[in-house]
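These numbers come from a predicted model, not from an experiment. One is the number of the first residue; the rest follow in order along the sequence.
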Amino acid sequence: MMQVLPIQTSATTKECSPTGKLIVLTGPSGVGKGTLMRSLLQRHPQLYYSVSVTTRSPRPGEINGKNYYFINRSKFEQLVAQGEFLEWAEFAGNYYGTPREAVLNQIQSGKLVVLEIELEGARQIRASFPNALSIFILPPSFDELEKRIRGRGQDAEEAIARRLCRAKAEIEAADEFDLQIVNDDFETAVEAIEAVLFG
Ligand code: ADP
Ligand code: 5GP
């Protein structure tokens with residue numbers, strides 16, 4: 001069984017000699033990343049899920065500080081300038097970023113830290129943390145992906161079109177990742193991720 005390696009980096013900042021492990025979970029919008037994460041967190045409360053910062057508006061039911069920290073664009077740009085993000089990217093018209101300090105502290109304290117982020121951010125993390133384990137979640141088919149985005153019923157038509165367009169490019173990059181897991185049967189996908197994280 002594949003093991004998750006401790007992180008080593010050559011950085012001179014706090015990124016150096018962390019003791020925890022970093023997992024990057026990426027995949028096209030609607031593939032089921034959030035649902036998989038919720039299930040993993042329920043089963044393994046010792047995991048640390050990094051809550052991202054975004055300029056996207058909250059969807060119905062989303063809670064500030066739990067799903068995301070929702071802020072405006074000028075505040076986000078200010079945080080970028082202050083170096084507050086470990087990575088950040090623009091996705092479908094909104095900014096998304098991973099808070100640097102919180103994640104580094106959790107890694108330093110030995111936690112298994114999971115970032116659920118899109119492709120550009122995953123590339124930035126792989127560049128700064130070469131030993132991070134990267135997992136790409138694939139849909140069983142593109143038609144099924146579209147069905148799931150629509151079935152979620154939380155995005156406007158224009159947002160759905162942008163996400164599907166971006167999904168094609170993301171899926172083409174799946175081979176860059178250490179592992180590819182198809183989220184067809186949900187339980188099988190959760191178990192495949194668990195097998196990688198916990199051996
Ligand atoms: P993402 O976080 O990747 O954008 P979500 O977790 O919001 O995706 O899932 C999108 C939709 O797909 C949700 O309605 C979710 O219930 C559904 N879904 C997730 N995994 C599966 C699966 N294995 N089979 C069928 N539907 C799924
Ligand atoms: P959504 O708007 O559907 O919640 O997320 C859109 C995309 O942004 C998803 O692919 C999600 O994984 C990604 N995302 C969420 N948080 C971050 C982050 O902090 N950084 C980056 N780069 N992407 C993120």
Side-chain angles (χ1 to χ4, degrees), residues 22-38 40-41 49-100 102-103 113-129 132-139 142 144-183 193:
L22 187 58
I23 311 295
V24 179
L25 197 66
T26 301
S29 182
V31 75
K33 301 180 300 296
T35 316
L36 289 166
M37 268 313 309
R38 277 193 293 282
L40 286 165
L41 286 168
Y49 171 70
S50 165
V51 177
S52 296
V53 181
T54 186
T55 61
R56 168 167 78 60
S57 304
R59 292 180 180 134
E62 283 186 329
I63 297 167
N64 190 36
K66 179 163 185 266
N67 303 91
Y68 283 105
Y69 296 102
F70 297 99
I71 64 172
N72 64 33
R73 286 180 80 89
S74 66
K75 177 72 183 161
F76 193 101
E77 284 161 5
Q78 189 188 329
L79 294 177
V80 169
Q82 291 168 353
E84 296 285 344
F85 294 121
L86 210 49
E87 61 71 37
W88 67 275
E90 189 158 11
F91 180 95
N94 292 297
Y95 291 137
Y96 296 81
T98 300
R100 174 184 294 278
V103 166
V113 175
V114 185
L115 308 183
E116 190 248 277
I117 59 178
E118 54 68 66
L119 178 62
E120 295 307 324
R123 286 178 171 154
Q124 293 170 44
I125 293 293
R126 287 203 314 261
S128 341
F129 297 88
L133 181 84
S134 61
I135 303 174
F136 195 92
I137 308 296
L138 284 161
F142 203 79
E144 172 64 16
L145 181 69
E146 182 164 356
K147 241 188 247 167
R148 287 186 193 171
I149 295 188
R150 291 187 185 285
R152 184 166 63 188
Q154 291 191 328
D155 297 299
E157 190 55 39
E158 188 242 7
I160 290 174
R162 292 172 92 156
R163 281 157 191 268
L164 287 172
C165 181
R166 178 84 172 231
K168 291 203 170 80
E170 293 209 315
I171 290 169
E172 279 168 16
D175 284 352
E176 290 176 19
F177 288 70
D178 297 319
L179 280 168
Q180 296 80 31
I181 292 174
V182 179
N183 181 20
I193 299 173

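Judged as a ring-ring contact (aromatic ring centres under 6.0 Å, His included), and not counting sequence neighbours, the contacts of F85 are F76. In this view, E120 and R123 satisfy the side-chain hydrogen bond (donor to acceptor under 3.5 Å, both in side chains) rule, not counting sequence neighbours. In terms of the side chain to side chain contact (heavy atoms under 4.5 Å, CB included) criterion, residue partners of E158 (sequence neighbours excluded) are, by chain and number, R162. For E77, the salt bridge (charged side-chain N to carboxylate O under 4.0 Å, His left out) test picks out no residue, with sequence neighbours left out. Residues meeting the ring-ring contact (aromatic ring centres under 6.0 Å, His included) test with Y68, sequence neighbours left out: F70, Y96. Among residues two or more places apart in sequence or in another chain, the side-chain hydrogen bond (donor to acceptor under 3.5 Å, both in side chains) test is passed with N72 by S74. Under the rule for a salt bridge (charged side-chain N to carboxylate O under 4.0 Å, His left out), the partners of R148 that lie at least two apart in sequence or sit in another chain are E144. Under the rule for a side chain to side chain contact (heavy atoms under 4.5 Å, CB included), the partners of A159 that lie at least two apart in sequence or sit in another chain are D155, R163. Under the salt bridge (charged side-chain N to carboxylate O under 4.0 Å, His left out) criterion, R38 pairs with no residue at all, not counting sequence neighbours. Residues that satisfy the side-chain hydrogen bond (donor to acceptor under 3.5 Å, both in side chains) test with T54, not counting sequence neighbours, are absent from this structure.
By the 4.0 Å N-to-carboxylate-O rule, E84 lies too far from K75 to be salt-bridged with it.
Formation of a donor-acceptor pair under 3.5 Å by the Q180 side chain with backbone atoms of A174 is found in this model. Remark: side-chain polar atoms of D178 are paired, donor with acceptor, to backbone N or O of S134 under 3.5 angstrom. Looking only at distances, no side-chain donor or acceptor of N183 sits under 3.5 Å from a matching main-chain atom of I137.
Within the 4.5 Å cutoff, side-chain heavy atoms of S29 are placed close to those of F91. You'll find the side chain of Q154 stays beyond 4.5 Å of the side chain of E62, heavy atoms only. For the pair I135/V24, no side-chain contact is recorded, criterion being any heavy-atom separation below 4.5 Å from C-beta on. You'll find the side chain of V53 reaches within 4.5 Å of the side chain of I71, heavy atoms only. Side-chain contact between P28 and L145: present, with at least one pair of heavy atoms (C-beta onward) separated by less than 4.5 Å. At least one side-chain heavy atom of L86 sits under 4.5 Å from a side-chain heavy atom of F129. Q82 places none of its side-chain heavy atoms less than 4.5 Å from the side chain of R100.
Across every non-hydrogen atom of A122 and I117, the tightest pair is N-CD1, 3.5 Å. Here the closest non-hydrogen pair linking P139 and V31 is N-CG2, 3.3 Å. Heavy atoms only, all atoms of each residue included: V103 and S50 are closest at CG2-OG, 3.5 Å.
Partner of I125 under the side-chain contact (heavy atoms from CB on, under 4.5 Å) criterion, out of I23, T26, L115: L115 alone.
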| task | Start with the C-alpha distance between Y69 and V51, add both sets of side-chain angles, then the distance that settles side chain to side chain contact (heavy atoms under 4.5 Å, CB included), and finish with yes or no. | result | CA-CA 7 Å; Y69 296 102; V51 177; 3.6 Å; yes
| Under the side chain to side chain contact (heavy atoms under 4.5 Å, CB included) criterion, do T98 and W88 qualify, and how do the steps go? | CA-CA 6 Å; T98 300; W88 67 275; over 6 Å; no
| Could you go step by step and tell me if F177 and R126 meet the side chain to side chain contact (heavy atoms under 4.5 Å, CB included) rule? | CA-CA 9 Å; F177 288 70; R126 287 203 314 261; 3.5 Å; yes
Got a list of side-chain donor-acceptor pairs under 3.5 Å for residues 164-172, not counting sequence neighbours?
| residue | atom | partner | partner atom | Å |
| --- | --- | --- | --- | --- |
| R166 | NH1 | E90 | O | 3.3 |
| R166 | NH2 | E118 | OE1 | 2.5 |
| E170 | OE2 | L119 | N | 3.1 |

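The salt bridge (Lys or Arg N to Asp or Glu O under 4.0 Å) analysis of residues 24-35, with sequence neighbours excluded, yields no pairs.
Interatomic distance, NZ of K66 versus OH of Y49, reported as 10.0 Å (0.5 Å rounding).
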